[in-house]
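Each remark here refers to the structure printed beneath this line.
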Amino acid sequence: MNNKIWLSSPHMGGSEQKYVNEAFEGNWIAPLGPNVDGFEADLVSFTGARHAAALSSGTAAIHLALIMLNVQPGDEVICQSMTFAASANPIKYVGAVPIFVDSEEDTWNICPDLLRECIMDRLAKGKKPKAIIPVHLYGMPSKMDAISAISQEFEIPIIEDAAEALGSHINGKNMGTFGDLGILSFNGNKIITTSGGGALISDSENYVREARFLATQARDKADHYEHTKIGYNYRMSNICAGIGRGQMEVLTNHVEKRRANFNYYKSELSGIDSIKFLDEPLGFYTNRWLSTIYVEPTLNREISKKNIYLDLLQDNIESRPLWKPMHMQPIFRDAPFYSNGVSELLFRNGLCLPSGSNLVDDDLKRIVSLIKGVFK
Ligand SMILES: *Cc1c(COP(=O)(O)O)cnc(C)c1O
């Protein structure tokens with residue numbers, strides 16, 4: 001059996017263990033400590049956001065962001081349908097109602113025209129949505145200029161889900177810093193990992209201070225334990241943050257390697273008519289967290305993404321269909337959805353190829369030659 005090639009596996013840079021050892025030596029085996037402070041400072045300096053809170057997951061960050069925006073039971077929150085469930089699940093945690101919006105073809109992310117239609121329709125139905133959650137799927141930035149303009153026009157704040165997009169930017173402005181609040185993820189499969197973790201970033205000191213307070217069980221100042229708010233245990237541990245500090249040192253390398261993966265796939269596979277790649281709109285820079293292809297099944301003898309998926313699998317190579325949109329998920333069956341058909345086509349015909357920053361040339365060659373073989 002050939003060696004396993006993963007879709008996106010952890011890739012340590014080398015100095016992670018140094019920071020973890022420091023945590024052991026200082027006995028900072030806790031959800032606070034120098035690595036947590038250091039990692040937050042790294043995130044601030046890399047993204048350009050004024051403040052960052054390191055948390056136990058990206059999902060926790062979205063949950064806290066919704067609480068910061070005072071989203072209450074019964075409120076409506078608009079969310080990109082083409083995403084991973086963790087973008088939308090926290091809407092349910094706070095008892096609110098998700099309203100899903102379809103994607104557009106240039107970025108595969110939330111369609112600004114449809115977003116506007118959706119807001120007008122919700123307003124006509126008598127309810128003003130409390131937040132908008134755009135997602136930068138696979139690292140490709142959403143059209144934040146248009147989305148921010150709509151947010152300002154209707155005075156609806158943005159929670160930017162940049163879980164997959166650390167290192168992506170539009171004209172030099174990093175993803176996660178366009179919205180009122182942004183969230184990042186450091187799950188094991190993301191572009192950098194803390195084994196599991198996330199962050200909330202914002203220019204608002206109040207939001208980040210309050211989120212930190214809630215994330216550490218909302219303990220009021222007192223000698224005894226005193227609580228005037230419901231708290232959460234959402235803080236990142238000082239051990240995990242040590243891994244994060246080491247990973248920040250190699251983030252830029254990871255972005256370059258992932259972009260090189262994409263460029264290799266594109267140059268090798270562009271001869272196959274039915275395989276399409278998603279290019280960057282002008283001024284957009286994607287970290288290419290995952291390299292994705294769109295397979296037109298009507299060309300090339302009806303060969304579909306499923307054929308590629310299965311042939312790769314047989315050779316011990318992991319690929320994955322593009323994420324199944326939220327409006328198609330059983331858990332969100334009853335949620336309103338503003339549709340143009342794009343995300344369903346993406347799900348039906350799209351495939352994520354192995355994309356790790358630790359792939360070697362032989363891995364990439366093996367993958368490409370198998371895909372070419374499918375079309376022989
Ligand atoms: C990974 C991911 C999340 C959740 O992050 P966790 O750290 O795994 O909780 C949220 N949104 C998107 C788009 C993701 O890919």
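Side chains included, hydrogens not; waters and symmetry mates left out as well; all remaining heavy atoms used. Indexing begins at 1, ligand by ligand and atom by atom, following the structure's order.
- Contacts between T59 and ligand 1, counted as non-hydrogen atom pairs separated by less than 4.0 Å, involve both the backbone and the side chain.
- A cation-pi arrangement, defined by a distance under 6.0 Å to the six-membered ring centre and an angle within 45 degrees of its axis, is present between K173 and F178.
- In the displayed structure, Y93 atom OH is contacted under 6.0 Å by more than 12 heavy atoms of other residues, nucleotides or ligands.
- Looking at A163 against ligand 1, only its side chain comes within 4.0 Å, counting heavy atoms.
- Residue contacts with ligand 1 leave out A60, since none of its heavy atoms falls under 4.0 Å from the ligand.
- Here the shortest heavy-atom pairing between P281 and T107 reads CG-CG2, 4.0 Å.
- Within the 6.0 Å centre-distance limit, the rings of F262 and F277 are counted as a close aromatic pair.
- Heavy-atom proximity to N187, at under 4.0 Å, picks out these atoms of ligand 1: 8 (O).
- Near G197, meaning under 4.0 Å from any of its heavy atoms, are these atoms of ligand 1: 7 (O).
- The number of heavy-atom neighbours closer than 6.0 Å to NZ of K324, taken from other residues, nucleotides and ligands shown, is above 12.
- In this structure, Y138 and W108 have perpendicular ring planes: the angle between them is above 60°, well past the 30° mark.
- Ring geometry for W323 against W289 counts as perpendicular: the plane angle is over 60°, on a 0 to 90° scale with 30° as the lower cut.
- Backbone and side-chain nitrogen or oxygen atoms of L137 are examined, and none is located within less than 3.5 angstrom of a nitrogen or oxygen of ligand 1.
- Here the shortest heavy-atom pairing between G139 and N287 reads CA-OD1, 3.2 Å.
- What sits closest to atom 11 (N) of ligand 1 on the protein, heavy atoms only, is D161 OD2, 2.7 Å.
- Distances from ligand 1 to the non-hydrogen atoms of K190 include at least one value under 4.0 Å.
- Among protein heavy atoms, the minimum distance from atom 15 (O) of ligand 1 is reached at E164 OE2, 2.5 Å.
- Linking ILVMFWY side-chain heavy atoms closer than 4.5 Å, directly or via other members, places F84 and L290 in a single hydrophobic cluster.
- Here's the thing with W289: none of its N/O atoms is less than 3.5 angstrom from an N/O atom of ligand 1.
- Interface of V135 with ligand 1, defined as ligand atoms under 4.0 Å from a residue heavy atom, comprises 13 (C).
- Of the listed residues (G196, A86, G188), the one carrying the non-hydrogen atom nearest atom 4 (C) of ligand 1 is A86.
- At least one heavy atom of S87 sits less than 4.0 Å from an atom of ligand 1.
- Judged by a 6.0 Å distance limit and a 45° cone about the ring axis, R212 is not positioned over the six-membered ring of Y234.
- Set against the non-hydrogen atoms of S185, the atoms of ligand 1 under 4.0 Å away are 1 (C), 5 (O), 6 (P), 7 (O), 8 (O).
- Residue-level proximity to ligand 1 for T83 is carried by the side chain, the only part with a heavy atom below 4.0 angstrom.
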